[in-house]
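Order of appearance sets the numbers: ligands from 1, and atoms from 1 within every ligand.
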Amino acid sequence: MYAGKARAYTNIALIKYWGKKDEQLILPMNSSLSLTLDAFYTETSVYFGEALTEDTFFLDGKKQDLKQTAKISKFLDLVRQQQNISLFAKVESQNFVPTAAGLASSASGLAALAGACSVALNLHLSKTELSRLARRGSGSACRSIFGGFSEWQKGDSNQNSFAQQIPSNKWEDELAMVFVLVDDGVKDISSRDGMRRTVETSSFYSGWLETIDTDLETAKQAILEKDFIRLGEVTEANGLRMHGTTLAAVPPFTYWSPESLNVMQLVRTARQQGLPCYFTMDAGPNVKILVEKKNVTALTQFLAEHLSEKQLITAYAGPEIALIPLERLEEK
Ligand code: ADP
Ligand code: DP6
């Protein structure tokens, strides 16, 4: 039995990945930049064994159906092919993040799976190699290999499309992200399907591609200069543009709910009252608010006047992936 375990943290993109140019290899249309967070993560164990007769996938203790298991098998096939082995596997995963709710469970989930496979099969991968592998499971997962700020350079081949940590002089330690949970149920349109429909049909998609390089440069410069206002403004504008593309898709769709709009307005009001904070959203109705650590209390107090405190979760910059050695696994 080859066994391995990993813990990976979610990341939220400040400059979004939205659209693939190669569905098979998961090569993105654009580069992206994210912050890895400490509040949400996935722990995954993988066991490859001679005695196993099929792949099985347990998520939060529940055996998953054929469709979910097939996604895992597809990823395991890639690893098996690369390593020239044919053993089936049992995958046990625990999400400390709501699944498929736009809170990046696919990022932490697939990064943890890639990490667990690499431990189980003793692959000794560099962070770059691990990022490349995680990318094949879910694009955003390639960024969860790293702590702090991470940039996924789009590349144009399997070899040169991976994430890396970007220099920040540890500025991330002064930042926070407040999650406003509007709905943690499973969304109707996955990010994968949403971005595919947008690339194929949205007349606004070309506008997205035209502005993305400038947004990325602005964000990187803001990080270097520790310029919070600049980073916040470009984060909010970039997220809004991503969501704008979905409105022109055929058929059109949106991940926003009335509650999301309400929270966006609250963020604008907080800003007008002199509290610097900026929102971003992913493929789901929940809103994430970028704020400096020193202003977290002021922001959460302001939000709590209008929302239930139970809806608010504060996250800080999270660490890189943890690969958990076999000895420790056996101790458990
Ligand atoms: P999210 O916003 O949560 O990332 P997505 O629709 O992008 O939502 O991705 C959700 C999908 O990610 C799930 O349907 C499942 O296929 C996969 N996923 C989530 N958690 C895990 C996990 N722990 N292990 C493997 N795959 C996972
Ligand atoms: C809106 O990485 O979940 O969160 O590569 O198809 O698995 P696949 O998509 P996924 O998409 C994430 C989209 C996003 C923006 C981002 O995280 O950059």
- Message: Is the contact between S106 and ligand 2 made by the side chain, the backbone, both, or neither, using heavy atoms and a 4.0 Å cut-off?
- Response: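 The answer is the side chain.
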- Message: Counting only heavy atoms closer than 4.0 Å, does ligand 2 sit against the backbone of S140, its side chain, both, or neither?
- Response: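 Looking at S140 and ligand 2, atoms from backbone and side chain both fall under 4.0 Å.
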- N/O separation below 3.5 Å, T44 to ligand 1: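 Between T44 and ligand 1, no N or O pair is found under 3.5 Å apart.
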- Would you call the rings of F302 and H306 parallel, tilted or perpendicular if under 30° counts as parallel and over 60° as perpendicular?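 If you compare the ring of F302 with that of H306, the planes turn out tilted.
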- Item | Parallel, tilted or perpendicular: ring planes of Y41 versus F96, cut at 30 and 60 degrees |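 Geometry flag for F96 against Y41: parallel rings.
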- Query: To the nearest 0.5 Å, what is the distance between CG (L110) and OG (S105)?
  - Reply: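 Between L110 CG and S105 OG, I get 9.0 Å after rounding to 0.5 Å.
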How close does the nearest protein non-hydrogen atom get to [atom], and which residue and atom is it?
atom                    : result
atom 14 (C) of ligand 2 : D282 OD1, 3.7 Å
atom 24 (N) of ligand 1 : F57 CZ, 3.7 Å
atom 7 (O) of ligand 1  : S191 OG, 2.6 Å

- Could you establish whether L103 and ligand 1 come within less than 4.0 Å of each other, counting only heavy atoms on the residue side?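 So L103 counts as touching ligand 1.
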- Message: Out of M281, R143, M195, who is nearest to atom 16 (C) of ligand 2 when you count heavy atoms only?
- Response: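 Nearest heavy atom to atom 16 (C) of ligand 2 lies in R143.
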- Task: May I ask which of S105, G109, G194, S106 has a heavy atom nearer to atom 3 (O) of ligand 1 than the others do?
- Result: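 The nearest heavy atom belongs to S105.
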- Output the list of atoms in ligand 1 that are nearer than 4.0 Å to some heavy atom of S93, sorted by atom number.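 Per the distance check, 22 (C), 23 (N), 24 (N).
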- Message: Taking 4.0 angstrom as the limit and counting only heavy atoms of L59, give me the atoms of ligand 1 inside it, by number and element.
- Response: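 Within the 4.0 Å cut-off of L59, ligand 1 contributes 23 (N).
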- For the residue pair N238 and T218, establish whether any side-chain heavy-atom pair is separated by less than 4.5 Å.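 When only atoms from C-beta onward are counted, T218 and N238 do not touch, as no gap falls below 4.5 Å.
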- Message: If we check salt bridge (charged side-chain N to carboxylate O under 4.0 Å, His left out) with R230, which of these qualifies: E225, E236, E217?
- Response: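 Looking at E225, E236, E217, the match for R230 under the salt bridge (charged side-chain N to carboxylate O under 4.0 Å, His left out) is E225.
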